[in-house]
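Only one structure is covered here, and it is reproduced in the block below.
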Amino acid sequence: MDLSIIGSGYVGLVTGACFADVGHNVICVDNDPRKVESLQAGKVPIYEPGLEEIIHRNVSAQRLRFTGSIKEGVDGGQVVFIAVPTPQDADGSVDLSFIEKVAREIAGVLSDYRVIVDKSTVPVKTGEKVAESIKRYNKHGAEFDVVSNPEFLREGCAVADLMKPDRIVIGAQSERAIDVMKKVYEPFMAPILVTDINSAELIKHAANSFLALKISYINAVSAICEASGADIEKVADGIGMDRRIGRNFLNAGIGYGGSCFPKDIAAFITISEQLGVPFDLLKEVQRINARQKDRFLKTVRDALWVLRDKKIAVWGLTFKPDTDDIRSSVAIDLVADMLREGAKVSAYDPKGMEKARVLKSLEGARLTNSAMEALEDAEALIIATEWAEFGNADLAAVKAKMHTPMIFDGRNLFDPETMRKLGFHYTSIGRPQAK
Ligand code: NAD
């Protein structure tokens with residue numbers, strides 16, 4: 001099929017590449033000329049494992065191309081996916097101006113029947129607004145259907161998630177659009193759930209809120225473990241072995257971040273309030289998440305007495321491993337907090353350095369070229385992102401490099417007993433501290 005994607009970011013680009021890889025002809029559109037130029041020149045502007053190879057393969061096979069022209073996208077795709085940002089407004093609600101703009105632009109060039117699919121994460125009832133908007137600006141009176149098709153991929157394993165999704169949600173109201181969408185997804189051989197548009201939109205916010213809730217739940221339990229001497233890893237195993245609960249998303253740490261959870265939870269809170277049915281449980285999820293980072297920082301402060309002038313190494317800046325995405329990363333917030341307190345921070349991340357270098361909040365931090373370089377003379381090491389590279393570090397070399405062997409592990413990468421035997425002062429989340 002001929003498909004087009006408006007918005008070639010983490011979602012749009014991976015979706016476009018995977019659609020091409022299963023045999024569709026795909027046009028990826030973006031209004032950032034630098035991004036389009038770079039993609040046309042064969043350079044992939046984001047890091048996502050396996051993505052570059054898929055893009056090159058499909059560009060060579062002429063199934064994938066990039067353009068800045070929305071007209072080219074709409075003319076060339078029977079199905080037009082929208083994957084533009086839906087950022088958080090100051091009051092927590094969703095800024096839908098990107099979606100509105102794209103809807104208007106699509107309408108302006110629509111000349112034949114198209115299925116217009118919203119893949120961005122949007123509040124329930126946005127589909128109605130998109131349809132109204134397209135109708136209003138539809139110069140040629142062309143036929144169209146609006147579909148909601150929320151995306152569930154996780155950065156860091158987006159290609160695998162796209163290729164083997166747990167489910168595909170199609171929210172539509174016309175049989176014609178449902179048939180087209182089923183054809184788009186046929187090659188993926190995944191379970192398809194067809195719903196009305198409102199339900200599809202709600203599924204995405206409800207799913208992300210539930211996952212964030214699971215993280216905050218285990219983080220709240222981790223505080224109880226610390227206070228009581230229990231071990232969060234064992235507790236999480238014990239809970240997670242119950243098939244009704246499952247072990248995924250029960251990893252205690254310094255809290256969730258990234259471009260989705262914080263904004264989607266805030267959005268769901270606002271949506272529920274606007275509908276007159278406040279979802280206050282989610283406010284507690286937010287509070288626990290913020291507290292988890294602050295608790296961690298307090299542990300560091302308690303151990304080092306004062307942070308001013310202390311040389312602190314930080315491993316990890318991205319919001320999770322295997323991505324270069326640093327948007328709303330707790331690691332970045334941690335560094336910014338410590339800089340404000342006068343600490344001398346050296347930080348390293350395997351893929352996030354390019355994006356971190358231009359961050360205002362990191363001004364004053366030394367961004368190093370390797371994990372080992374960050375450790376030079378450090379009085380403490382903070383592990384903020386669970387990259388495999390950090391878990392596999394040569395601990396004897398780590399100890400030799402540091403001024404004092406203190407590790408604060410915000411992601412529970414190491415075994416406390418092993419660390420004690422190696423001579424580290426090792427503190428992690430929700431686990432008894434080795435004496
Ligand atoms: P992103 O910022 O990485 O990409 C968005 C792209 O849209 C950018 O390249 C931008 O230049 C482009 N764009 C903006 N306005 C445009 C316009 N008018 N015309 C053409 N292109 C335009 O964002 P993302 O992370 O891909 O997220 C997109 C949507 O998907 C959001 O609603 C997000 O909540 C949702 N989502 C994200 C993820 C994720 O893990 N990143 C997962 C599921 C859903």
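In each ligand, atom 1 is the first atom listed, and ligand 1 is the first ligand listed. Every value quoted in this text rests on a predicted model; they were computed, and no experiment measured them.
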Item to complete: Consider ligand 1: state whether an atom of it lies below 4.0 angstrom from any non-hydrogen atom of Arg154.
Response: no

Worksheet item: Is a side-chain N or O of Ser69 found less than 3.5 angstrom from the main chain of Glu72, in a donor-acceptor match?
Response: yes

Discussion item. Heavy atoms only, cut-off 4.0 Å: how does Phe98 contact ligand 1, side chain, backbone, both, or neither?
Written reply: side chain

Worksheet item: Considering only heavy atoms, does Cys260 approach ligand 1 within less than 4.0 Å through its side chain, its backbone, both, or neither?
Response: side chain

Worksheet item: At a 4.0 Å threshold, what atoms of ligand 1 neighbour a non-hydrogen atom of Ser259?
Response: 41 (N)

Discussion item. Is the positively charged end of Arg176 above the ring of Tyr113, judged by distance under 6.0 angstrom from the centroid and angle within 45° of the axis?
Written reply: yes

Discussion item. I want to confirm something. Looking only at heavy atoms, which of Pro45, Pro33, Pro85, Gly7 is nearest to atom 14 (C) of ligand 1?
Written reply: Pro85

Response to the item:
the protein heavy atom lying closest to atom 41 (N) of ligand 1 turns out to be Glu155 OE2, 2.7 Å

Discussion item. For Phe19 and Tyr185, take the angle between the two ring planes, folded into 0 to 90°, and tell me which bin it lands in: parallel under 30, tilted 30 to 60, perpendicular over 60.
Written reply: perpendicular

Discussion item. Return the closest protein heavy atom for atom 1 (P) of ligand 1 as residue, atom name and distance.
Written reply: Arg327 NH1, 3.8 Å

Item to complete: Verify the ring-centre separation between Tyr47 and Tyr10: is it less than 6.0 angstrom?
Response: no

Response to the item:
Any heavy atom of Thr121 under 4.0 Å from ligand 1? The part involved is both

